[in-house]
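In what follows, a single structure is set out as structure tokens and then discussed.
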Amino acid sequence: MTVVYDRVALIGLGLIASSMYWAIKRAGIAGHVSGFARSGETRRTAREIGLCDEICESAAEAVHGADLVVLCVPVGAMGNVAAEIAPALKPGACVSDVGSVKKAVFEAVAPHIPDGVHFIPAHPLAGTEHSGPRSGFATLFDERFCLIVPAERTVPEEVARLSAFWQSLGAHTEEMDADHHDLVLAVTSHAPHLIAYTMVGVADDLRRVTDSEVIKYSAAGFRDFTRIAASDPVMWRDVFLNNKDATLEILGRFTEELFALQRAIRTGDGALLHDYFTRTRAIRRGIIEAGQDTDAPDFGRMRRD
Ligand code: NAP
């Protein structure tokens with residue numbers, strides 16, 4: 001594999017950055033990778049597990065001489081981190097990010113990017129409910145999409161280079177504009193997370209009544225909600241605060257559909273329920289056919305019976 005960027009800097013060393021590092025090493029596409037996280041504890045852990053070729057004591061030190069800088073911090077922290085690294089960026093470097101929201105990140109980061117430095121936001125559609133420097137693994141991005149979100153005047157060669165970088169990490173890449181990205185992600189990720197958080201919250205309220213039966217008898221549907229609802233609270237707080245309009249739009253539609261199903265249950269409209277569930281089943285089949293999930297029963301979980 002040929003080197004795509006000689007020097008790469010990862011700012012923030014959680015699930016996404018650590019997975020990127022192991023995937024970069026697997027592919028051999030960078031000469032040197034430096035890293036920085038704000039807490040001493042994360043930097044210590046990173047050194048202990050051999051994450052990055054060098055762990056620096058400041059973000060500015062980490063980006064010094066880097067050809068590609070990737071911001072891997074929560075969406076709400078991107079602007080401050082960009083301001084901190086701006087004076088240390090190498091002319092001609094490319095700054096990117098992995099944030100789950102794109103318009104707000106662009107608005108927060110772009111004003112800090114100096115002339116002569118490229119800024120190309122991106123979002124790998126891959127993750128788990130785990131976080132921190134120990135949670136990463138090299139195959140996280142394999143066969144997943146990474147959406148690249150160039151601005152109007154972005155240099156096409158730089159977009160092609162960043163796309164080649166993500167493809168080397170195992171991802172398929174596609175270009176998308178920021179507004180469209182935020183709407184699509186509100187449907188496929190942000191609203192489902194909010195619904196999972198709500199459902200687990202409801203069950204938690206109920207648990208006080210039924211005294212732990214909710215956990216003891218937790219069935220597959222609820223367990224899947226709890227996995228999603230175990231995702232990092234800071235990351236998800238920032239996602240909702242920064243993708244307000246699209247999330248509220250989708251939640252409005254969700255509420256209308258929920259009322260329609262509620263009414264069908266009340267009025268005994270079995271045909272409506274059957275048609276609805278038939279349509280949703282086809283969507284699941286489409287996701288499996290696209291190679292984006294497994295069709296193994298119970299998502300491939302091992303049985304313990
Ligand atoms: P993570 O495992 O929780 O790691 C976050 C990192 O950001 C940590 O190193 C943390 O530093 C640092 N950080 C947190 N708050 C900060 C602040 N205010 N200022 C500076 N640094 C801060 O998170 P992640 O899952 O890798 O997510 C990183 C980014 O990827 C987020 O923007 C998220 O939206 C996006 N993303 C996540 C997923 C997913 O499923 N997890 C998927 C795609 C994209 P310390 O360790 O020192 O506290």
Side-chain angles (χ1 to χ4, degrees), residues 9-23 34-49 51-52 55-60 62-63 69-85 95-106 108-109 112 121-137 139-142 144-149 166 169-171 173 176 178 181-182 184-186 188-190 192-194 196-197 227-243 246-247 292:
L10 302 174
I11 308 300
L13 295 172
L15 168 72
I16 300 297
S18 55
S19 297
M20 286 180 74
Y21 177 70
W22 301 123
S34 57
F36 170 74
R38 66 178 170 166
S39 73
E41 194 188 334
T42 299
R43 296 197 296 275
R44 255 191 315 281
T45 303
R47 288 190 184 107
E48 196 184 307
I49 62 175
L51 188 63
C52 296
I55 295 295
C56 301
E57 285 302 305
S58 74
V63 306
V69 175
V70 189
L71 309 182
C72 306
V73 297
V75 166
M78 297 277 183
N80 284 344
V81 171
E84 197 182 330
I85 61 169
V95 174
S96 187
D97 77 302
V98 293
S100 306
V101 177
K102 293 280 59 107
K103 190 164 179 235
V105 168
F106 187 83
V109 172
H112 300 291
H123 179 199
L125 306 187
T128 74
E129 67 278 26
H130 301 295
S131 49
R134 292 184 193 274
S135 59
F137 52 99
T139 54
L140 179 67
F141 309 111
D142 286 355
R144 301 287 168 206
F145 277 98
C146 180
L147 301 176
I148 313 276
V149 184
W166 275 105
L169 303 193
T173 56
M176 201 176 264
H181 167 279
D182 289 356
V184 169
L185 267 291
T188 59
S189 173
H190 306 169
H193 270 81
L194 198 75
Y197 280 123
R227 187 189 63 74
I228 297 173
S231 301
D232 188 67
V234 173
M235 170 188 156
W236 283 97
R237 177 201 65 193
D238 283 8
V239 166
F240 294 119
L241 294 182
N242 288 280
N243 196 17
T247 308
Q292 296 298 307

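The basis for the numbers below is simple: all heavy atoms, side chains too, and nothing from hydrogens, waters or symmetry mates. When a ligand or atom number is given, it counts from 1 through the structure's own listing order.
Protein heavy atom closest to atom 30 (O) of ligand 1, with residue, atom name and distance, is Val98 CG2, 3.4 Å. The protein non-hydrogen atom at the shortest distance from atom 34 (O) of ligand 1 is Ser100 OG, 2.6 Å. Shortest contact from atom 46 (O) of ligand 1 to any protein heavy atom: Thr42 OG1, 2.5 Å.
Summarising the local packing, CD of Glu129 is surrounded by more than 12 heavy atoms from other residues, nucleotides or ligands at distances under 6.0 Å.
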- Query: Given the rule in the salt bridge (charged side-chain N to carboxylate O under 4.0 Å, His left out) test, do Glu41 and Arg134 qualify, once you have shown the distances and angles that lead to the verdict?
  - Reply: CA-CA 12 Å; Glu41 194 188 334; Arg134 292 184 193 274; over 6 Å; no

- Message: Does Cys52 form a side-chain contact (heavy atoms from CB on, under 4.5 Å) with Phe36? I'd like the steps, not just the answer.
- Response: CA-CA 9 Å; Cys52 296; Phe36 170 74; over 6 Å; no

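In terms of polar-atom proximity, Ser135 is not counted as a contact of ligand 1, lacking any N or O under 3.5 Å from an N or O of the ligand. Inclusion of Leu13 in the set of residues having an N or O under 3.5 Å from an N or O of ligand 1 is warranted. By the 3.5 Å distance cut-off applied to N or O atoms, Pro124 is not counted among the residues near ligand 1. Of the polar atoms of Leu15, at least one N or O is found under 3.5 Å from an N or O of ligand 1, judged by distance alone. The N/O atoms of Val73, backbone and side chain alike, include one that comes under 3.5 Å of an N/O atom in ligand 1.
Residue contact check: Ser131 has heavy atoms under 4.0 Å from atoms 1 (P), 2 (O), 3 (O) of ligand 1.
Contacts with ligand 1 closer than 4.0 Å are made by heavy atoms of both the backbone and the side chain of Arg38. No part of Ser231 comes within 4.0 Å of ligand 1, judged by heavy-atom distances.
Below 30°, between 30° and 60°, or above 60°: for Phe240 and Tyr197 the angle between ring planes is above 60°, a perpendicular geometry.
Using a 4.0 Å heavy-atom cutoff, Met78 is listed among the residues neighbouring ligand 1.
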